Amino acid sequence: MEQKIRVLVAKPGLDGHDRGAKVVARAFRDAGMEVIYTGLRQTPEQIVNAALQEDVDVVAMSILSGAHNHLFPRVMELLREKNMDDVLVIGGGVIPDEDIPGLKAAGIAEIFTPGTATGTTIEFIKNNLKRKA
Amino acid sequence: MSERMALNILDNPRHLARLITMIERQDPARIEVLKALHDKTGKAHVVGITGPPGSGKSTLTDKIIGELRNRGRRVAVVAIDPSSPFTGGAILGDRIRMMRHATDEGVFIRSLASRGHLGGLSRAAAETVRALDAAAYDTVIIETVGVGQSEIDIVRCADTVVLVAVPGLGDDIQAIKAGVMEIGDIFCVNKADRDGAERVVRETRAMMETAIMNGANTRFSGLYKAVYEHTVQQARLRGENVQEDPHGGALRIPPVLLTIAEQGEGVSVLVDEILAHHAMLSDTEWLLKHRHENTMWELRNAVADNLLGWLDNANAHSQLANAAEAVLHKDTDYYQALAQVQEGIIAAGLRLVSD
Ligand SMILES: Nc1nc2c(ncn2[C@@H]2O[C@H](COP(=O)(O)OP(=O)(O)OP(=O)(O)O)[C@@H](O)[C@H]2O)c(=O)[nH]1
Ligand SMILES: [Mg+2]
């Protein structure tokens, strides 16, 4: 049986840059993962429904617009509503240090700020999957 | 777990998503669920969309979903992308173009990676289609890049195949046009906003006409003859005068349409043709005929896969090793060794089946 880690790479919010998200997506692929990329400007509802239909193990969100304090917890809330507590959620992008504890309290497992080596993120995913991939 | 899951997939998309994961992994536990769902399958219209990379298949699928939703149908999509042969990973990008449907409860979209299991992919795709069919989606669309034989195999489980082409592909178009004879029911020239689209349409039509005049055995001519007979019969039953076609429908060619998927232009006509094709299949015996052929083909492939699996087991492996040694030492000739190994492996296979 072939079991692959499936990751949804999502860009919530209104910012129009996805270079970073694409770099991360390629790094995940090169690490042997199956990456479903949603494209720009997704609502939390769209992200969570896509995660559900694609049955992913991980949701990786990147945000540059500054709306993370609203959008990340909203994604967590919707995941809980749909009983998707076994999905590992990580975040990245331009996120001030002082916001990180609040996001973690909301259920985001880890926040990776710009400059984090993709290898670090990949290791984190492999070590923290909530369901056996 | 599995029986309950089977009952639940109708109203719980999460169970459906989980089942598809089991199918992707070819988890033996999927079999019980698929068995329990078998009675619910066979209702969906399965539509294959295939064509070269970047021809606009996903954009077109997005617009087709919208059109079918407007016509009150529930739609599921299986989008297949190749895995990297080096890492086994994949970026599944088809979904990007369809995200506007992500919150529509009447739409279910699933991306599948090819995972290097070439033969197995068409099996996983066919099983996924059956799961979506059982979950009461009226139309199930399979998007796949049409380049190799394995991709062509995937769309075999479709009732209606739309072949997408674009202008400016040069020689590639020859291969695609040859493909329409084998697998295409509707031909769609996308990116009609670009130069040369009308020429592709003309050339495609000319090629199909030539094939028909040369008496080639095409996928569509049998259907068109049956449709003609059906139409004549229906008209007679109504007591209407029939304009007889001396060729009995045999000279009809499939629709060749122009679309601009990005703008949604031509998509409504395309959907009309997709539904019309389904109606033609259902009005004649061809829907069942297609499905019978496809099921036979699927069974044949499953047997072939299982045989290959047996060849890799330890017992067969040691038989092959011994036979090779005997050949090299000239204890036996190659053909006698082959006959012996085949007998041994078939016997082992039969034991496996009866276990
Ligand atoms: N000019 C033009 N571009 C189009 C049209 N339809 C799609 N495109 C563009 O073509 C590119 C590829 O579109 P996709 O829908 O991803 O094509 P695809 O066939 O699904 O691609 P793969 O799945 O990667 O093989 C995108 O940039 C689309 O915006 C069209 O009608 N005209
Ligand atoms: Mg595509």
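None of the values given here were measured: they were computed from a predicted structure. Lettering follows sequence order; numbering is per chain, from 1.
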Item to complete: Could you have a look at B:Ile91, B:Leu112, B:Asp81 and say which one has the most heavy-atom pairs with chain A under 4.5 angstrom?
Response: B:Ile91

Worksheet item: Any residues in residues 92-107 of chain B near chain A, with a heavy-atom distance under 4.5 Å, and which are they?
Response: B:Leu92, B:Arg95, B:Ile96, B:Met99, B:Arg100, B:Ala102, B:Thr103, B:Val107

Practice prompt. Measure the spacing between OG1 of B:Thr21 and NZ of A:Lys4 and express it to the nearest 0.5 Å.
Written response: 13.5 Å

Discussion item. Show the nearest heavy-atom pair for residues B:Arg14 and A:Asn83, with the distance to one decimal.
Written reply: NH1-O, 2.9 Å

Worksheet item: Under 4.0 Å between a Lys/Arg side-chain N and an Asp/Glu carboxylate O for B:Arg25 and A:Asp55?
Response: no

Worksheet item: What residue, out of A:Arg26, A:Met84, A:Gln53, has the most heavy-atom pairs lying under 4.5 Å from chain B?
Response: A:Gln53

Discussion item. Suppose a student defines contact as a heavy atom less than 4.5 Å from any heavy atom of chain B. Which residues in residues 29-46 of chain A would they list?
Written reply: A:Arg29, A:Asp30, A:Gly32, A:Met33, A:Glu34, A:Val35, A:Ile36, A:Tyr37, A:Thr38, A:Gly39, A:Gln42, A:Glu45, A:Gln46

Worksheet item: What option among B:Ile20, B:Leu16, B:Ile109 has the most heavy-atom pairs under 4.5 Å with chain A?
Response: B:Ile109

